[in-house]
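See below for the structure under consideration.
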Amino acid sequence: MVQKYQSKDYDNDWRDWLSSMEERLPRDCQLFAGDNTKYLIEEFDQLKARTNYIHTGLKAIYMHKAFVDITKNIMKVPTALTECLTIALYMGFEKIYLLGFDLNQLVIMQEKENARAHLRFYGLSPITNNNAEVEIENKTATSGDDWFWMWEIWAQLNLLQNYALKNNIQILNLTKGGLLNVFSRKKYEDVINEIQLSQPRR
């Protein structure tokens with residue numbers, strides 16, 4: 001989960017979102033959340049028992065290498081993608097597959113009617129379908145901050161890719177299309193076929 005980025009006025013939207021997770025997620029699913037969300041998560045018995053907290057704040061603009069030790073301070077999280085990759089690298093996966101990470105937000109916002117409904121493949125959630133989110137999007141669009149925000153994401157992704165390469169970890173993008181060209185691309189179908197062929201026959 002991304003760290004909480006909306007004011008306390010919208011805490012009930014976050015509670016609704018967390019409640020849907022508590023209801024739907026498998027009971028053995030471990031969660032990662034920003035430490036600034038802890039006071040809300042602790043209201044939910046099932047979630048609080050299996051949530052791990054991370055602290056963010058390091059700025060990619062000042063960094064020459066990625067810090068992926070999630071027991072310490074990690075890079076500021078502008079998107080769930082950078083947070084998930086950091087956690088996966090820390091956990092030691094040798095191969096990481098990306099699905100649904102196209103990073104096309106700026107293109108969609110400029111070209112599509114009712115653009116907000118198309119920003120995320122899973123649709124809108126209680127925390128993305130509120131006035132706070134609309135205000136943030138309008139402010140960053142009119143100020144031009146969203147271009148800097150996208151640059152910051154790319155800077156982080158390059159730092160994470162460099163870390164992966166130095167540690168013999170493959171990050172492969174299986175998303176069809178999109179702007180995210182930091183990582184090598186592969187077709188989802190090809191990867192599934194490779195996995196099936198490598199499985200012993202029964």
Side-chain angles (χ1 to χ4, degrees), residues 1-3 5 25 29-34 52 54-112 115-116 118-125 128 137 140 144-199:
M1 291 178 271
V2 293
Q3 60 190 138
Y5 58 95
L25 288 177
C29 177
Q30 287 292 309
L31 305 172
F32 291 87
N52 308 278
I54 56 175
H55 186 74
T56 68
L58 300 176
K59 296 182 182 293
I61 191 171
Y62 303 116
M63 298 171 68
H64 299 291
K65 65 177 184 176
F67 289 84
V68 302
D69 184 348
I70 62 173
T71 67
K72 299 176 181 175
N73 204 9
I74 62 169
M75 290 187 286
K76 180 175 171 274
V77 174
T79 174
L81 172 54
T82 57
E83 182 177 349
C84 292
L85 271 179
T86 300
I87 293 166
L89 290 169
Y90 175 78
M91 293 174 74
F93 291 104
E94 294 178 359
K95 204 175 267 192
I96 300 166
Y97 299 109
L98 305 179
L99 271 173
F101 291 114
D102 51 34
L103 291 182
N104 285 358
Q105 294 97 313
L106 292 180
V107 176
I108 291 170
M109 291 301 281
Q110 291 175 8
E111 293 185 351
K112 282 194 180 253
R116 297 193 75 250
H118 300 280
L119 281 179
R120 299 167 181 89
F121 69 87
Y122 52 82
L124 295 170
S125 72
T128 57
E137 287 168 5
T140 58
D145 283 349
D146 48 7
W147 295 97
F148 177 77
W149 174 72
M150 290 300 283
W151 176 88
E152 190 176 19
I153 292 172
W154 249 259
Q156 287 196 17
L157 293 174
N158 277 282
L159 290 171
L160 293 168
Q161 170 71 326
N162 291 340
Y163 177 94
L165 292 172
K166 285 178 184 174
N167 290 278
N168 297 314
I169 299 168
Q170 274 189 292
I171 303 175
L172 298 167
N173 186 3
L174 309 188
T175 306
K176 187 176 181 181
L179 300 178
L180 182 56
N181 290 318
V182 175
F183 310 105
S184 297
R185 288 182 179 267
K186 262 192 131 170
K187 286 186 177 178
Y188 171 81
E189 295 79 8
D190 291 345
V191 170
I192 294 300
N193 288 336
E194 288 170 15
I195 291 170
Q196 288 174 341
L197 289 171
S198 69
Q199 299 297 319

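Heads up: numbering here begins at 1 and tracks the sequence. Values below: all heavy atoms of this structure, side chains included; hydrogens, waters and symmetry mates excluded.
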message = Do Leu31 and Leu25 make a side-chain contact, defined as non-hydrogen atoms from C-beta onward lying under 4.5 Å apart?
response = yes
request  = Look up atom CH2 in Trp151 and atom CD in Gln156, then write down how far apart they are to the nearest 0.5 Å.
outcome  = 9.5 Å
task = Take Lys186 and Glu194, measure what side-chain contact (heavy atoms from CB on, under 4.5 Å) needs, and give me the verdict at the end.
result = CA-CA 11 Å; Lys186 262 192 131 170; Glu194 288 170 15; 2.9 Å; yes
inquiry  = If I compare all heavy atoms of Ile171 with all of Ala164, which pair ends up nearest, and what's the gap?
reply    = CD1-CB, 3.8 Å
inquiry  = I need the Tyr188 OH to Leu172 CG distance, nearest 0.5 Å.
reply    = 14.5 Å
query = Where do Glu83 and Met1 come nearest, in terms of heavy atoms and distance?
reply = OE2-O, 2.9 Å
query = Atom CD1 in Ile74, atom CG in Asp69: separation rounded to 0.5 Å?
reply = 9.5 Å
request  = First locate atom NZ of Lys95, then atom CG of Asn168, and finally report the distance between them rounded to the nearest 0.5 Å.
outcome  = 12.5 Å
ask   = Does the pair Asn52 and Ile70 meet the rule for a side-chain contact (heavy atoms from CB on, under 4.5 Å), with working shown?
value = CA-CA 10 Å; Asn52 308 278; Ile70 62 173; over 6 Å; no
message = Please check if the number of heavy atoms outside Gln199 that lie under 6.0 Å from its CD is greater than 12.
response = yes
request  = For residues Leu180 and Leu98, determine if any side-chain heavy atom of one lies less than 4.5 Å from a side-chain heavy atom of the other.
outcome  = yes
Closest heavy-atom pair and its distance - Met150, Leu103 = CE-O, 3.5 Å
key: Sidechain-backbone polar pair: Asn167 side chain, Ile169 backbone, donor-acceptor under 3.5 Å   = no
message = I need the minimum non-hydrogen distance between Arg185 and Thr175, along with the two atoms involved.
response = NH1-O, 3.1 Å
task = Answer yes or no: does atom CZ of Phe148 have more than 12 heavy-atom neighbours from other residues, nucleotides or ligands under 6.0 Å?
result = yes
task = Step by step, work out the side-chain contact (heavy atoms from CB on, under 4.5 Å) result for Leu160 and Val182.
result = CA-CA 10 Å; Leu160 293 168; Val182 175; over 6 Å; no
key: Point-to-point distance, once rounded to the nearest 0.5 Å, from CG of Asn181 to CG of Asn173   = 8.0 Å
Show me, pair by pair, the donor-acceptor contacts under 3.5 angstrom made by side chains of residues 84-92, not counting sequence neighbours?
residue : atom : partner : partner atom : Å
Thr86   : OG1  : Thr82   : O            : 2.7

Worked verdict on Phe67 versus Asn73 for side-chain contact (heavy atoms from CB on, under 4.5 Å) = CA-CA 8 Å; Phe67 289 84; Asn73 204 9; over 6 Å; no
Distance-only donor-acceptor pairs under 3.5 Å for side chains of residues 54-65, two or more places apart:
residue : atom : partner : partner atom : Å
His55   : ND1  : Asp35   : OD2          : 2.6
Thr56   : OG1  : Gln3    : OE1          : 2.8
Thr56   : OG1  : Gln3    : NE2          : 2.9

